[in-house]
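Note that the coordinates shown come from a computational prediction; the quantities given were computed from them, not determined experimentally.
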Amino acid sequence: MDRTPGEQSRRSPGSRPMAVAAAFGSDAQIAEARALARSFLADLTAVHGVAVSERVLHVVQLVVSELVTNARKYAPGPCLLTIQARAGSVEVIVRDSGSSLPTVREPDPGRVGQHGLEIVMAACRSFEMRREPQGKLVRAAVALDDAEPRRAR
């Protein structure tokens with residue numbers, strides 16, 4: 001994981017989201033991205049008193065894993081991972097230099113592999129992907145409230 005000053009920031013909850021960001025190069029270990037997510041969620045609880053359930057911890061790590069893996073696999077160059085808390089959710093945002101949007105396949109229990117985005121979409125409050133002037137952005141929001149229903153497909 002390559003971090004330079006300015007790439008990582010944390011803010012208090014309020015009108016602005018609390019966030020952390022890091023750039024991951026082509027040799028990045030996905031475990032580093034998951035560790036960043038765990039650290040961020042631990043800080044939400046310890047420093048800011050935001051309740052983070054085991055479900056949220058596991059789902060956010062899964063989302064981070066899937067989105068960073070896809071960026072590393074399908075886009076040249078580094079990707080930028082941002083994790084932020086806002087409006088009752090934890091948002092995972094990955095930006096990369098690839099212009100092709102991920103293909104979200106229909107559920108198929110007989111298919112071996114390529115279920116990552118399908119799982120992410122089922123577990124998250126919202127999911128968005130869009131092209132940007134230099135690449136793309138993929139964003140998934142995980143509800144902090146365990147009672148909130150998941151996003152409808």
Side-chain angles (χ1 to χ4, degrees), residues 1-3 7-8 10 13 17-45 50-153:
M1 173 172 52
D2 303 321
R3 281 193 208 151
E7 282 187 306
Q8 182 175 17
R10 296 178 189 265
M18 186 175 138
V20 63
F24 291 88
S26 59
D27 60 345
Q29 298 295 317
I30 302 307
E32 294 173 353
R34 286 192 305 269
L36 181 66
R38 280 191 307 275
S39 172
F40 175 76
L41 294 172
D43 284 355
L44 270 182
T45 300
V50 176
V52 176
S53 70
E54 285 293 312
R55 179 198 65 83
V56 171
L57 174 66
H58 294 302
V59 172
V60 168
Q61 288 181 91
L62 171 81
V63 170
V64 165
S65 246
E66 290 297 333
L67 298 186
V68 172
T69 296
N70 284 352
R72 298 304 331 120
K73 188 173 180 180
Y74 298 110
C79 70
L80 177 65
L81 167 66
T82 303
I83 307 168
Q84 62 186 19
R86 63 186 296 163
S89 67
V90 175
E91 290 186 349
V92 177
I93 303 160
V94 175
R95 288 182 165 90
D96 66 46
S97 60
S99 60
S100 297
L101 294 178
T103 302
V104 181
R105 303 177 103 189
E106 288 299 315
D108 178 359
R111 183 178 66 239
V112 176
Q114 299 188 347
H115 292 279
L117 287 179
E118 179 184 332
I119 294 167
V120 166
M121 291 176 69
C124 291
R125 169 191 274 182
S126 64
F127 180 83
E128 166 195 11
M129 56 184 160
R130 68 174 186 251
R131 287 184 182 87
E132 295 197 317
Q134 297 192 4
K136 70 178 164 295
L137 172 143
V138 179
R139 175 192 328 252
V142 177
L144 281 167
D145 182 357
D146 283 337
E148 181 178 310
R150 307 281 194 285
R151 176 179 152 332
R153 292 204 84 194

Any side-chain heavy-atom pair of V142 and R55 under 4.5 Å
yes
Considering non-hydrogen atoms only, spot the tightest contact between V63 and C124 and give its length.
CG2-SG, 3.6 Å
Measure the shortest side-chain to side-chain distance between E128 and V138 over non-hydrogen atoms and say whether it is less than 4.5 angstrom.
no
Take V94 and L137 through the side-chain contact (heavy atoms from CB on, under 4.5 Å) test and state the conclusion after the steps.
CA-CA 6 Å; V94 175; L137 172 143; over 6 Å; no
With side-chain contact (heavy atoms from CB on, under 4.5 Å) as the test, would you mind laying out the steps for R139 and R130 before giving the verdict?
CA-CA 9 Å; R139 175 192 328 252; R130 68 174 186 251; 3.8 Å; yes
Testing the basics here: between A143 and V56, what is the closest heavy-atom pair and its distance to 0.1 Å?
O-CG2, 3.4 Å
Could you give the distance from OG (S53) to NE2 (H58), rounded to the nearest 0.5 Å?
8.5 Å
With a 4.5 Å limit on heavy-atom distance, are the side chains of Q61 and L41 in contact?
no
Heavy-atom check, side chain of Q84 versus side chain of I93, under 4.5 Å
yes
Flag the pair E32 and R34 as a salt bridge only when some basic side-chain nitrogen lies within less than 4.0 angstrom of an acidic carboxylate oxygen.
no
Do side-chain atoms of S39 reach the backbone of A35 as a donor and acceptor pair under 3.5 angstrom?
no
Quick one: does M18's side chain get under 4.5 Å of F40's, heavy atoms only?
yes
Rounded distance [0.5 Å steps], SG in C79 versus NZ in K73
14.5 Å
Over all heavy atoms of both residues, which pair between L80 and A22 is shortest? Give the atoms and the distance, please.
CD1-O, 3.5 Å
I need the T69 OG1 to Y74 OH distance, nearest 0.5 Å.
10.0 Å
Of the non-hydrogen atoms in A140 and F127, which two are nearest, and what is the gap between them?
CB-CD1, 4.2 Å
Look up atom CD in E132 and atom CG in D96, then write down how far apart they are to the nearest 0.5 Å.
9.5 Å
At their closest point, which heavy atom of G98 faces which heavy atom of A75, and how far apart are they?
N-CB, 3.6 Å
Determine yes or no for a side-chain-to-main-chain donor-acceptor pair under 3.5 angstrom, with K136 supplying the side chain and S97 the backbone.
no
Determine, step by step, whether I119 and L62 satisfy the side-chain contact (heavy atoms from CB on, under 4.5 Å) criterion, reporting the C-alpha distance in whole Å, the side-chain angles of both residues, the deciding distance to 0.1 Å, and the verdict.
CA-CA 9 Å; I119 294 167; L62 171 81; 3.6 Å; yes
Side chain to side chain contact (heavy atoms under 4.5 Å, CB included) with V60: of V52, V90, L144, only one passes, and it is V90
Using side-chain heavy atoms (C-beta onward) and a distance below 4.5 Å, is P102 in contact with L117?
yes
Within a strict 4.5 Å, meaning less than it, do heavy atoms of the R38 and L57 side chains meet?
yes
Between R72 (side chain only) and G77 (backbone N and O only), is there a donor and an acceptor less than 3.5 Å apart?
yes
A side-chain contact here means heavy atoms from C-beta on lying under 4.5 Å apart; do V20 and T82 qualify?
no
